[in-house]
Number of protein chains: 2
Amino acid sequence: MIARSDTKTALLNSAESAARRFGFDGFSYADLAKDVGIRKASIHHHFPSKADLSVALMERYHRNFQRICAEIDSGCETGGAKLQGLIRQYKEGSDNGRQLCLCVAFSASRDSLSPDVIKQIGLFRGMVTEWLEKALEQGRKDGSVSGVHSPEREAVSVLSLLEGAQLLARTDEDPAVFDQAITLLTMRICG
Amino acid sequence: MIARSDTKTALLNSAESAARRFGFDGFSYADLAKDVGIRKASIHHHFPSKADLSVALMERYHRNFQRICAEIDSGCETGGAKLQGLIRQYKEGSDNGRQLCLCVAFSASRDSLSPDVIKQIGLFRGMVTEWLEKALEQGRKDGSVSGVHSPEREAVSVLSLLEGAQLLARTDEDPAVFDQAITLLTMRICG
DNA sequence: GGCTGTCTGCCTACCAGTAGGTAGATAAAC
DNA sequence: GTTTATCTACCTACTGGTAGGCAGACAGCC
């Protein structure tokens with residue numbers, strides 16, 4: 001049994017890529033079917049509804065991102081270095097302005113989403129915000145981030161800046177715009 | 001002739017509201033027709049295609065926003081006060097987290113958009129960025145904004161923060177999230 | 001004044017294509 | 001012999017868009 005459910009993974013991969021490029025309303029089961037190479041109806045076997053698929057998408061995205069955050073933690077000494085690590089992640093995630101973070105893509109179509117997906121977006125943001133708060137706190141203590149007053153409030157603000165930067169870079173499909181857009185953050189990272 | 005084209009305005013109003021709530025792919029001609037009270041086909045008389053409608057939407061949005069910026073300019077003394085004015089505008093524009101700036105809503109669906117609309121988004125952002133650059137420059141000179149080093153780079157970053165803040169506030173439909181999300185900016189406005 | 005042609009704004013009726021989703025069959029795997 | 005993964009064939013609802021008609025306003029002209 002090489003792959004109990006390669007198809008399921010292939011569907012998630014295809015759906016994630018499509019959602020991040022076209023948004024929640026911008027891709028269909030027919031698109032996925034063509035991409036993965038099975039019939040449209042067969043997708044319903046793996047994900048009964050588009051809402052189920054979206055939730056599964058967010059859950060996987062959440063897990064992956066959590067793992068990446070842990071890797072940054074273990075690979076970086078200072079709070080500033082950790083912030084740099086997350087910035088790199090968001091920049092790479094935007095694929096040179098060709099796509100968005102999944103929760104940015106979903107947020108924009110909020111009112112087309114199922115309540116479960118909205119809940120997942122909240123959980124994801126909560127996880128990232130908590131991580132950012134710790135990194136900022138550490139950066140304040142070790143002097144690698146300047147001007148930190150309220151790690152809690154600023155964590156939300158940093159996330160907001162990163163998501164906004166992806167959005168701006170997306171319009172021009174230009175990674176340089178991303179770098180410029182996060183100036184308010186980078187100018188404060190010392191080490 | 002009370003109204004040569006009230007219908008056209010009504011269509012633009014309905015479409016703007018829908019686009020900002022559901023995104024570009026989240027509203028249809030049928031929705032607009034029902035909302036405005038004419039038949040779906042009649043919309044094509046005013047806007048031959050959805051691309052035409054979207055361009056008209058962005059143009060009107062651009063003009064309105066430009067007027068608002070001018071009003072802020074004439075009503076505020078310091079650079080910091082002008083920034084506060086723009087922040088208020090973005091917060092009010094998000095209608096307590098129930099909708100987004102039109103160009104945020106459109107950006108997320110970029111690959112479903114016509115090239116003309118993408119161009120319009122660029123023009124809008126250029127206009128706001130230029131305005132922000134002047135406000136930051138002024139704030140540096142009059143001391144109402146602290147830590148300004150490169151008004152040009154930081155202008156893009158401020159816009160990115162404002163758009164990101166709308167996005168975050170949207171998920172929870174909570175205006176308090178917006179306030180928290182712009183901390184990186186407000187902590188630097190002195191007067 | 002009345003006549004005529006044009007323009008505006010809307011209508012009904014329709015198109016091909018696509019959306020997400022369902023029913024039921026089939027064949028292989030455990 | 002049930003479970004798993006897929007298929008064909010279909011459904012209803014809706015997508016943006018088109019064709020053609022029609023009532024009223026508005027001009028210029030006699």
Side-chain angles (χ1 to χ4, degrees), chain A residues 1-19 21-58 105-106 108-118, chain B residues 1-19 21-58 105-106 108-118:
Chain A
M1 188 94 345
I2 296 177
R4 175 173 188 79
S5 203
D6 252 348
T7 305
K8 198 162 189 166
T9 305
L11 283 169
L12 285 171
N13 291 343
S14 176
E16 180 176 326
S17 166
R21 282 179 166 70
F22 310 110
F24 177 77
D25 293 314
F27 76 97
S28 71
Y29 269 33
D31 298 329
L32 298 186
K34 195 191 281 182
D35 192 36
V36 169
I38 59 172
R39 296 297 160 155
K40 194 184 61 156
S42 308
I43 302 178
H44 291 279
H45 172 71
H46 300 280
F47 304 102
S49 74
K50 205 178 174 183
D52 295 317
L53 171 61
S54 306
V55 170
L57 226 41
M58 276 303 304
F106 276 171
S109 321
R110 185 189 195 277
D111 289 5
S112 313
L113 265 39
S114 85
D116 290 327
V117 182
I118 297 177
Chain B
M1 191 97 342
I2 297 176
R4 179 173 185 80
S5 203
D6 252 348
T7 306
K8 198 162 190 167
T9 305
L11 283 169
L12 284 172
N13 292 344
S14 176
E16 180 176 326
S17 166
R21 281 178 167 72
F22 308 109
F24 177 77
D25 293 315
F27 76 97
S28 71
Y29 268 34
D31 299 328
L32 299 186
K34 195 190 280 181
D35 191 35
V36 169
I38 60 171
R39 295 297 160 153
K40 193 185 63 155
S42 308
I43 302 177
H44 291 279
H45 172 71
H46 300 280
F47 303 103
S49 74
K50 206 177 175 185
D52 295 316
L53 171 62
S54 306
V55 170
L57 226 42
M58 277 303 302
F106 277 170
S109 322
R110 186 189 194 279
D111 289 4
S112 313
L113 265 39
S114 84
D116 290 326
V117 182
I118 296 176

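The analysis underlying the following values was restricted to heavy atoms, covering all of them including side chains, and did not include hydrogens, waters or symmetry mates. Note on naming: letters A, B, ... go to the chains in the order of the sequence lines (proteins, then strands), and numbering restarts at 1 for each one.
The side chain of B/T7 contributes an N or O atom lying less than 4.0 Å from OP1 or OP2 of C/dC10.
With sequence neighbours excluded, the residues forming a side chain to side chain donor-acceptor pair (under 3.5 Å) with B/D111 are A/R170, listed by chain and number. In this structure, the side chain to side chain donor-acceptor pair (under 3.5 Å) partners of A/S28, at least two apart in sequence or on a different chain, are A/D31. Scored by the salt bridge (Lys or Arg N to Asp or Glu O under 4.0 Å) test, A/D52 finds no partners at all (sequence neighbours excluded). For B/S109, the side chain to side chain contact (heavy atoms under 4.5 Å, CB included) partners two or more places apart in sequence, or in a different chain, are B/F24, B/D25, B/S112, B/L113.
Within the model, atoms CG of A/L53 and CE of A/M58 stand 12.5 Å from one another, a figure rounded to the nearest 0.5 Å. Distance NZ/A/K40 to CG/A/L32: 11.0 Å, rounded to 0.5 Å. Taking CG of B/D116 as the reference point, atom OG of B/S54 lies at 10.0 Å (rounded to 0.5 Å).
Seen from the ring of B/Y29, B/K34 does not count as a face-on cation partner, given the 6.0 Å and 45° thresholds.
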Where do N or O atoms of nucleotides 15-21 of chain D meet protein N or O atoms at under 3.5 Å, pair by pair?
residue	atom	partner	partner atom	Å
D/dT15	OP1	B/S28	OG	2.8
D/dT15	OP2	B/S28	OG	3.4
D/dG16	OP1	B/F27	O	3.4
D/dG16	OP1	B/K50	NZ	3.1
D/dG16	OP2	B/Y29	N	2.9
D/dG16	N7	B/K40	NZ	3.1
D/dG16	O6	B/K40	NZ	3.0
D/dG17	OP2	B/K50	N	2.9
D/dG17	N7	B/H44	NE2	3.4
D/dG17	O6	B/K40	NZ	3.1

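Between B/K34 atom NZ and C/dC10 atom C1' there is a gap of 20 Å when expressed in whole angstrom units. Nucleotide D/dA5 holds its C1' atom 6 Å from the NE2 atom of A/H46, rounded to whole Å. Whole-Å rounding puts the A/R39 CZ to C/dG21 C1' distance at 17 Å.
Each end of the helix from C/dG1-D/dC30 to C/dC30-D/dG1 yields a helix axis from five base pairs, and these two axes differ in direction by 0° (to the nearest 10 degrees).
The listed nucleotides are D/dT4, D/dT8, C/dT8; the one nearest the side chain of A/H45 is D/dT4.
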